[in-house]
Chemist: 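A single structure is presented below for examination.
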Amino acid sequence: MLNYKQLHHFWAVARAGGIVRAAERSGLAPQTLSGQIASLETDLGVNLFKRQGRGLELTETGRMVLDYAEEIFRLGSELEEALRSRATGRTVPFRVGIADVVPKAIAWLLLAPSLDLPDPMRIVCREGKFDALLGELAIHKLDVVLADSPLPPNMGVRGFSHALGESTIGFYAAPELAASLQDDFPAQLNGAPLLLPGVEASVRGPLLRWIEAAGLHPRIVGEFDDSALMRAFAEAGAGIFPSASLVGEQLCRQSGLVLLGDASGVTETYYAISVERRLTHPAVRAISDAAREKTKFG
């Protein structure tokens, strides 16, 4: 059976960058740490470190073991925090990063199941650029990141993408603008002012390809990284606004926008990105389980 005390000593040495530095931080003798790591290597039947000059460098296997150790001891810290919170009656924080291209209404629908848990959660939401949020996730400042695309393979951040669901895309306009358009959808997009999500939005490319394939030539009057700002421009009548059909009824009811039609075949998928291969945070599990029941939003 894996000796977690030895694993913890390995983890401490790997994070400190050497046995002497880890010994200074822990108060243990270097010989003790060295002996513990040697015992762990013997038990596992692998070499975790190799000599590099006067120092130590992780082997490829050592880097893999470190990844698992990071996850094991992070979960241990979360368990301690959850138990302390329960014992003192404090709510457990649920730290969520929301990519700014994800519509606020979609973020709410995804997060809503976490509010129905038996143990109360305190949601801490941070909105920002996808790359910056992934950096915070990597150093465990966030429990999960909600995004419209999976983790890019070239990011250099260890994480796992969990698909939550998808939605078709509709085009919406303020009543005055909708009334001024000629022809039926989609021909009415020709020459009409169009608002587009910014280059970081995963749905932008499919939308442009759909427009080109349909032979349409709208006037692009604005591009927005922030979906809420794009919606505000649409409500003011500045242009036609593409949005997830999942929240279309809400757009029409609350903002008075009019649905012109759907971009056939264009969908937007939403992801929960975590550092865990298997989801363990109760709030993240609640979000994932609720999404799986729906499988497809709209």
Side-chain angles (χ1 to χ4, degrees), residues 96-111 125-136 145-150 152 164-178 180-181 185-186 188-214 216-271 273 297-298:
V96 185
I98 304 172
D100 52 14
V101 295
V102 176
K104 308 301 182 289
I106 294 291
W108 156 248
L109 286 174
L110 293 174
L111 293 173
C125 292
R126 302 188 188 280
E127 186 182 20
K129 296 294 183 185
F130 188 31
D131 293 357
L133 294 176
L134 290 177
E136 292 195 44
V145 170
L146 301 183
D148 65 342
S149 61
L164 297 177
E166 62 182 23
S167 175
T168 55
I169 302 296
F171 288 90
Y172 300 84
E176 298 81 2
L177 176 57
S180 70
L181 300 174
F185 185 85
Q188 61 190 172
L189 295 180
N190 272 318
L194 179 65
L195 309 174
L196 278 180
V199 293
E200 294 185 2
S202 63
V203 77
R204 176 188 171 99
L207 274 176
L208 289 174
R209 289 191 291 272
W210 179 85
I211 289 171
E212 182 180 5
L216 303 173
H217 301 282
R219 291 185 295 111
I220 299 175
V221 297
E223 301 181 29
F224 303 84
D225 291 333
D226 189 299
S227 59
L229 183 58
M230 181 166 60
R231 173 176 171 176
F233 270 68
E235 291 171 355
I240 297 168
F241 165 58
S243 180
S245 302
L246 172 63
V247 294
E249 183 178 339
Q250 178 181 334
L251 287 173
C252 296
R253 184 179 66 253
Q254 294 182 354
S255 303
L257 297 175
V258 176
L259 173 64
L260 303 178
D262 292 326
S264 177
V266 178
T267 60
E268 186 170 39
T269 304
Y270 308 102
Y271 295 86
I273 300 175
F297 289 143

Chemist: Atom NZ of Lys104 and atom CG of Leu111: how far apart are they, to the nearest 0.5 Å?
Modeler: 12.5 Å
Chemist: Side chains of Ile169 and Pro206: does their closest heavy-atom pair fall under 4.5 Å?
Modeler: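 Answer no - side chains too far apart.
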Chemist: Quick one, Val203 and Asp148 - any side-chain contact, counting heavy atoms below 4.5 Å?
Modeler: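 Of all side-chain heavy-atom pairs linking Asp148 with Val203, none is under 4.5 Å.
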Chemist: Under 3.5 Å, is there a donor-acceptor pair between the side chain of Arg219 and the main chain of Gly191?
Modeler: yes
Chemist: What's the shortest heavy-atom distance between Val221 and Ala238, and which atoms?
Modeler: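 Scanning both residues completely, I find the closest heavy atoms to be CG2-O, 3.6 Å.
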Chemist: Are Glu268 and Leu246 close enough that some pair of their side-chain heavy atoms sits under 4.5 Å apart?
Modeler: no
Chemist: Are any non-hydrogen side-chain atoms of Ser243 and Arg231 less than 4.5 angstrom apart?
Modeler: no
Chemist: Say you draw a straight line from CG of Asp262 to OG1 of Thr168; how long is it, rounded to the nearest 0.5 Å?
Modeler: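 If I round to the nearest 0.5 Å, the distance is 5.0 Å.
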Chemist: For the residue pair Leu133 and Arg126, what are the closest heavy atoms and their distance?
Modeler: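 So the minimum-distance heavy-atom pair works out to CD2-O, 3.9 Å.
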Chemist: Is there side-chain contact between Leu194 and Phe171, with at least one heavy-atom pair below 4.5 Å?
Modeler: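 Heavy-atom side-chain distance check passes, below 4.5 Å.
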Chemist: Atom CD1 of Ile220 and atom CD1 of Ile240: how far apart are they, to the nearest 0.5 Å?
Modeler: 11.5 Å
Chemist: State the OH-OG distance between Tyr270 and Ser202, to the nearest 0.5 angstrom.
Modeler: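 Interatomic distance, Tyr270 OH to Ser202 OG, rounded to 0.5 Å: 8.5 Å.
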Chemist: Should the heavy atoms of other residues, nucleotides or ligands under 6.0 Å from CD of Glu249 be counted, would the total exceed 12?
Modeler: no
Chemist: State, with a plain yes or no, whether a side-chain heavy atom of Ser255 is found less than 4.5 Å away from one of Tyr172.
Modeler: no
Chemist: Hey, what do you get for CD1 (Ile98) to CH2 (Trp108), rounding to the nearest 0.5 Å?
Modeler: 11.5 Å
Chemist: Only counting residues at least two apart or in another chain, list the ones meeting side chain to side chain donor-acceptor pair (under 3.5 Å) with Asp225.
Modeler: Lys129
Chemist: Please give me the minimum heavy-atom distance between Met230 and Pro197, naming the atom from each residue.
Modeler: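 Scanning both residues, the minimum pair turns out to be SD-N, 3.6 Å.
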Chemist: Measure across Ile273 and Ala147 and return the closest heavy-atom pair with its distance rounded to 0.1 Å.
Modeler: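 That would be CD1-CB, 4.4 Å.
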Chemist: side-chain contact (heavy atoms from CB on, under 4.5 Å) with Ala178: which residues, sequence neighbours excluded?
Modeler: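 Scan of Ala178 (side-chain contact (heavy atoms from CB on, under 4.5 Å), adjacent residues dropped) gives Ala173, Val258, Leu260.
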Chemist: Looking at Gly170 and Ser245, what are the two nearest heavy atoms and their distance?
Modeler: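 So the two residues come closest at N-OG, 3.5 Å.
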Chemist: Name the orientation class of the two ring planes belonging to Phe185 and Trp210 (parallel below 30°, tilted from 30 to 60°, perpendicular beyond 60°).
Modeler: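 The arrangement is parallel - the two ring planes meet at less than 30°.
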Chemist: Closest heavy-atom contact between Ala174 and Leu257?
Modeler: N-CD2, 3.7 Å
Chemist: How long is the straight-line distance from CG of Leu181 back to CG of Asn190, given to the nearest 0.5 Å?
Modeler: 11.0 Å
Chemist: Does some side-chain heavy atom of Asp131 sit less than 4.5 Å from a side-chain heavy atom of Glu200?
Modeler: no
